[in-house]
**Q** 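Would you mind keeping the following structure in view while I ask a few things?
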Amino acid sequence: IFGPDAPDIRKNPFKADFPLLASHPDLAFLDSAATAQRPSCVLDAQRRFYETMNANPLRGLYSLSVEATAAIADVRAQVAQLIGAMDADGRPDATDVIFTRNTSESLNLVAKSFGPFVLGAGDEVVVTIMEHHSNLIPWQQACHASGATLVYLYPSVDGTLSDEEIAAKIGSRTKIVAVAEVSNIMGCRLPVEKIAAAAHAQGAYVVVDGAQSVPHLPIDVRELGADFFAFSAHKALGPMGVGALWGKHELLDAMEPMLTGGEMIDSVTEQDAVWAPVPEKFEAGTQDAAGIYATGTALGYLTQAVGYKTVSAREAALVSYAMGRLGELDFVDLIGSADPSRHHGVISFNVRDVHPHDVASILDMSGVCIRAGHHCAEPLLSWLKVENLASCRASVAFYNDAADVDRLIDALNQVWQVFHGSN
Ligand code: PMP
């Protein structure tokens, strides 16, 4: 990070690509873990779809509709390539990529359609205490419905999951292990490969929530050992309302659809229906075709125009700088590891004796956007004994710069002045 090749985070060649950031030069947007900003190429792509190829994909045999269908097929292949879902010949295997609305829907699909397949009374579903509610509540419900038990992996306070904990919790009763690759509060990456190996050794299946990893890290579902992998486009520079689920073909093939209706059938009689093959089987109704098309543009910008190498290097430098500067503030308590290299874009903290909602409101007056609250991970904050079950979270993307961090620090000093200035 500090060598001769270190990115210069005082310079920002990216901000100009993002209309919202370019038109608000005094804004420090530090909430990309909630949703990313979009570059103009993504906004243009969305518009281009409606202007040049608007037709309902799959419904028509005229060329406009065929073009829309082809555009979506291309993005499906792009997603497969992004996550390393390759066929036997090493080509992206788009067949097993399902478009959903977001990570939440993808994970619900697995819990609702795959859960009943493998879960029964006495079985166990293993999650970590760090899960976002999206990778928790669907499993709570799957357990309630099947009589299975939800079992938690607990890390140390810096987010480390020990081999002993993995070995103690994943056992012969385990049928499904569902984990986030990167925690949206601690920012740490979980040892998914190890967890998956332990799960597979017991014949269990592995579901990976990639919502916070796809924006920051290259993904290879084979190396991860994932049986299912879910993510949202909107955290990876794409539009809101588009998500993806990848799954192993034989599993998707065996599963029942979560939603039924148009587009997902092969044939229908008065009393019955035969499902279309994967992935159409899981894509009932008209999809956000423009959003999917623009997702392709977003992934191209992220992985080719910018590239994960640059993304990782800039984010690492920004996190390191931010944690160093936060460390200067003796009224700030960090959550998770003190090692910046373990934070993938996310830094959670609290200002001593000040409610996170007050911190965020005061920061907002200085144009600093951070997230405050339970971040949809209430059991984690409860387990960490975080006061008020709430924290502040600053999250960076490659399009941030050192000035954004400096604004955060100045504004946090103001927060402290407001609450303790007279002391
Ligand atoms: N998992 C994690 C780790 C997340 O951070 C989020 C978004 N905050 C989600 C799942 C849910 O994503 P979405 O709201 O796009 O469904």
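Start at 1 and go down the list; that is how both ligands and their atoms are numbered.
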**Q** Please lay out, stage by stage, how Asp209 and Asn135 fare under the test side-chain hydrogen bond (donor to acceptor under 3.5 Å, both in side chains).
**A** CA-CA 7 Å; Asp209 169 359; Asn135 195 34; 4.8 Å; no

**Q** Measure up the Phe18 and Tyr301 rings against each other and bin them: parallel (under 30°), tilted (30 to 60°), perpendicular (over 60°).
**A**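 Plane angle over 60°, so perpendicular.
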
**Q** Strictly by modelled atom types, are Ser106 and Thr100 linked by a side-chain donor-acceptor pair under 3.5 Å?
**A**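 Yes, Thr100 and Ser106 have a side-chain donor paired with an acceptor closer than 3.5 Å.
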
**Q** With His24, which residues qualify under ring-ring contact (aromatic ring centres under 6.0 Å, His included), at least two apart?
**A**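 ring-ring contact (aromatic ring centres under 6.0 Å, His included) list for His24, sorted by chain: empty.
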
**Q** For Asp227 and His200, test the side chains for any donor-to-acceptor distance below 3.5 angstrom and give the result as yes or no.
**A**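 A pair is found: one side chain offers a donor N or O, the other an acceptor, under 3.5 Å apart.
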
**Q** Any protein N/O atoms within less than 3.5 Å of an N/O atom in ligand 1? List the atom names and distances, or say none.
**A**
from	atom 1	to	atom 2	distance (Å)
ligand 1	1 (N)	Asp209	OD1	3.3
ligand 1	1 (N)	Asp209	OD2	2.5
ligand 1	5 (O)	Gln212	NE2	2.7
ligand 1	8 (N)	His132	NE2	3.1
ligand 1	8 (N)	Lys235	NZ	2.7
ligand 1	15 (O)	Ser232	OG	2.6
ligand 1	15 (O)	His234	NE2	2.7
ligand 1	16 (O)	Thr103	N	3.4
ligand 1	16 (O)	Ser104	N	2.9
ligand 1	16 (O)	Ser104	OG	2.6

**Q** Applying side-chain hydrogen bond (donor to acceptor under 3.5 Å, both in side chains) to Ser337 and His343, what does each step give before you reach the verdict?
**A** CA-CA 8 Å; Ser337 174; His343 289 255; 4.8 Å; no

